[in-house]
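Index from 1, following the sequence.
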Amino acid sequence: MARSIGMAADATVFRAVITKQYPNGKTVTDYEGPYGAIGAARARVSFWTNYLAVRDEDTQESTGESRASGYVEQGAVSWERV
């Protein structure tokens, strides 16, 4: 997905690293970004943690556990003409 990130050439970028554990036992690590702000990457970690929350079978309330976890990484982009 294309993103429009207006920033200085030497600006710091951020990405969300999310590990998802599916009910079939498969574990997948996904990388989302780059984002121009740390808050956007944190929001993606929060989204997946909430989206894959473990729910009580009877009440559908969250148990406080999730099948997703993640963190944010920062980096610098190096641009070159292609």
Side-chain angles (χ1 to χ4, degrees):
M1 175 164 76
R3 291 184 171 79
S4 175
I5 301 175
M7 62 179 59
D10 61 346
T12 300
V13 294
F14 303 91
R15 72 176 181 177
V17 181
I18 301 140
T19 302
K20 303 172 190 171
Q21 300 165 351
Y22 291 100
N24 66 2
K26 184 176 180 182
T27 300
V28 177
T29 300
D30 289 325
Y31 303 88
E32 296 188 7
Y35 299 103
I38 193 171
R42 285 181 178 156
R44 296 307 296 163
V45 173
S46 293
F47 168 80
W48 283 109
T49 301
N50 293 331
Y51 185 74
L52 293 178
V54 176
R55 304 212 175 265
D56 182 274
E57 291 181 19
D58 297 327
T59 65
Q60 291 304 308
E61 293 290 323
S62 176
T63 64
E65 297 178 18
S66 180
R67 292 186 311 272
S69 62
Y71 56 91
V72 174
E73 292 181 337
Q74 71 179 21
V77 177
S78 175
W79 297 100
E80 61 183 65
R81 191 174 188 167
V82 294

Inset, instruction - Rounded to the nearest 0.5 Å, what's the gap from CD on Q60 to CZ on R55? Could you check? - result: 7.0 Å
Legend entry - Distance (rounded to the nearest 0.5 Å) between N24 CG and K26 NZ: 7.5 Å
Would you list the atom pairs, donor with acceptor, under 3.5 Å between side chains in residues 42-54 and any protein atom, with sequence neighbours excluded?
| residue | atom | partner | partner atom | Å |
| --- | --- | --- | --- | --- |
| R44 | NE | E32 | OE1 | 2.6 |
| R44 | NH2 | E32 | OE1 | 3.3 |
| S46 | OG | R42 | O | 3.3 |
| W48 | NE1 | E32 | OE2 | 2.8 |
| T49 | OG1 | V45 | O | 2.9 |
| N50 | ND2 | S46 | O | 3.2 |

Inset, instruction - Could you tell me which non-hydrogen atom of D56 sits nearest to which non-hydrogen atom of T63, and how far apart they are? - result: N-CG2, 3.8 Å
Inset, instruction - Search all heavy atoms of R15 against all heavy atoms of A41 and return the closest pair with its distance. - result: C-CB, 4.0 Å
Inset, instruction - For residues D30 and K20, determine if any side-chain heavy atom of one lies less than 4.5 Å from a side-chain heavy atom of the other. - result: yes
